[in-house]
Amino acid sequence: MKKKLIGLVLLIVIMIVIGVIYFISGRAPKIVSVDGYVGGEKIELLEDAEVQAIFEEKYGVQADYSRAGSLDMMTADMEGMDYLFPSSSIAEEYYEDLHGSPQQSEIVLNTPIVLYTHRSVLDAFDSHGLITQSGSSYYVDMPKLVELIQNDTAWADIGLPELYGTISVDTTDPSSSNSGNMFSALLANVLNGGQTLTEENLQQILPQLEDIFGKLGYMETSSSDLFSQFLRMGVGAKPIIAGYESQLIEYAALYPDQYESMKDDIVMLYPAPTVWSTHVFIALDDNGQLLLNALLDEDVQKLAWEKHGFRTGNYTTVSESEDLTAVGVADDITQVTQVPSYDVMKVIIEQLQ
């Protein structure tokens, strides 16, 4: 009798456990896997454990991706893809030109184009009147820098004989990657006297742009690859590159020990003027729409700024963001020129291929 009672109790316990499991699993949200193309500079954001937890727990979404350049993804195979996540509105207009209107698109993240260099280059530029400082932030006079580039000024001519060749800014391929594309837009405006380039003056500016980019040789197709090489290879290999402000903020936040060892040498320069890179999410279907909603979540947007450096709709000012590890981040981005129209940029992209 005692054995039967024990057996009955065990059976009841097992049934209760099974019932709880079914109850919990029944209430757990179904996780939808969403696939798409994304620029390399946003991969750390999508792989952030805190961000992924919000995606799954609040929205039932898991973000899968394949890395691609912002412009390359517009012509890539989209079979089975739910979204595209390029880094500019130009890329979005390129998509619409090729494929028509998507289900929905929205600017999710913003970051300005900046230059990254080393302390020795900063000091040399400063001694030649290219640098102004505001607080801990440095600004470089773009018309003066472009003049040095166009005149084939040697690094030795500004006091850096240890650096080989003439002054240039390494960038990604403007025909495939957004940071290079946005830097070409910035150069076009500078060459146009600081005014946003229009079709009227385009043919006058194009040869100058081609000359500047023609001297760069091989260009990376990924902003994240270029930034990683800059950090690893030192001033001799890449004295100065164009990239995103978000890259240094993210690196300092995620890899504080490595950043601490190099922060006295690595310098972020804000071009005066600069251009904004607007990271547009393009939802191709309902699954893409789910991920878009998740990315606009207030907590995700907060993490995007504090850990990954993207200036979102709800970021606080830098002075209020006590957790920022990166040195030299500007409180506000004020000296900005507008990116030329899609029709102008399309011609520039084609000419720089």
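Model, not experiment: these values are computed from the prediction.
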Please say yes or no: joined through hydrophobic side-chain contacts below 4.5 Å, possibly via intermediate residues, are [X] and [Y] part of one cluster?
{"X": "Tyr342", "Y": "Ile282", "value": "yes"}
{"X": "Met219", "Y": "Leu186", "value": "yes"}
{"X": "Leu216", "Y": "Val121", "value": "yes"}
{"X": "Tyr65", "Y": "Leu284", "value": "no"}

Ignoring hydrogens and geometry beyond distance, is a side-chain donor-acceptor pair present between [X] and [Y] at under 3.5 Å?
{"X": "Gln247", "Y": "Glu41", "value": "no"}
{"X": "Lys42", "Y": "Ser246", "value": "no"}
{"X": "Asp173", "Y": "Tyr218", "value": "no"}
{"X": "Gln62", "Y": "Gln52", "value": "no"}
{"X": "Gln103", "Y": "Asp286", "value": "yes"}
{"X": "Ser105", "Y": "Glu92", "value": "yes"}

For this session: Let me see the working for Tyr244 and Asn178 under side-chain hydrogen bond (donor to acceptor under 3.5 Å, both in side chains), right down to the final yes or no.
Result: CA-CA 10 Å; Tyr244 301 115; Asn178 180 70; 2.9 Å; yes

Is it the case that more than 12 heavy atoms not belonging to [X] sit under 6.0 Å from its [atom1] atom?
{"X": "Glu47", "atom1": "CD", "result": "yes"}
{"X": "Gln258", "atom1": "CD", "result": "yes"}
{"X": "Gln338", "atom1": "CD", "result": "no"}
{"X": "Gln353", "atom1": "CD", "result": "yes"}

Exercise. What is the ring orientation for Phe85 with Tyr83, classed by angle as parallel under 30°, tilted 30 to 60°, or perpendicular over 60°?
Worked result: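 Ring orientation, 0 to 90° scale: perpendicular.
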
Exercise. Hey, what's the ring geometry for His279 with Phe310, parallel, tilted or perpendicular (30° and 60° as the breaks)?
Worked result: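 His279 vs Phe310 ring planes: perpendicular.
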
Exercise. Would you call Asp264-Arg119 a salt bridge at under 4.0 Å N-O?
Worked result: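 Arg119 and Asp264: not salt-bridged.
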
Exercise. Do Lys346 and Glu93 sit within salt-bridge range, that is, some charged N less than 4.0 Å from a carboxylate O?
Worked result: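 No, Lys346 and Glu93 are not salt-bridged.
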
Problem set entry | Verdict with reasoning, Glu245 to Arg311, per salt bridge (Lys or Arg N to Asp or Glu O under 4.0 Å) | CA-CA 9 Å; Glu245 178 197 51; Arg311 295 184 184 245; 2.7 Å; yes

Exercise. Between Phe55 and Tyr59, is a ring-ring contact (aromatic ring centres under 6.0 Å, His included) present by the stated rule, with each step listed?
Worked result: CA-CA 5 Å; Phe55 284 176; Tyr59 298 91; 7.4 Å; no

For this session: Given side-chain hydrogen bond (donor to acceptor under 3.5 Å, both in side chains), test Ser277 with Ser88 step by step and report yes or no.
Result: CA-CA 6 Å; Ser277 175; Ser88 75; over 6 Å; no

For this session: Flag the pair Pro340 / Asn189 as yes when at least one side-chain heavy-atom distance between them is below 4.5 Å, and no otherwise.
Result: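 Yes, their side chains come closer than 4.5 Å.
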
Exercise. For Leu352 and Glu210, what are the C-alpha separation, side-chain angles and deciding distance, and is it a side chain to side chain contact (heavy atoms under 4.5 Å, CB included)?
Worked result: CA-CA 6 Å; Leu352 296 182; Glu210 290 178 287; 4.1 Å; yes

For this session: Give the intermediate values and the outcome of salt bridge (Lys or Arg N to Asp or Glu O under 4.0 Å) for residues Glu306 and Lys302.
Result: CA-CA 6 Å; Glu306 294 179 351; Lys302 188 171 185 290; 3.0 Å; yes

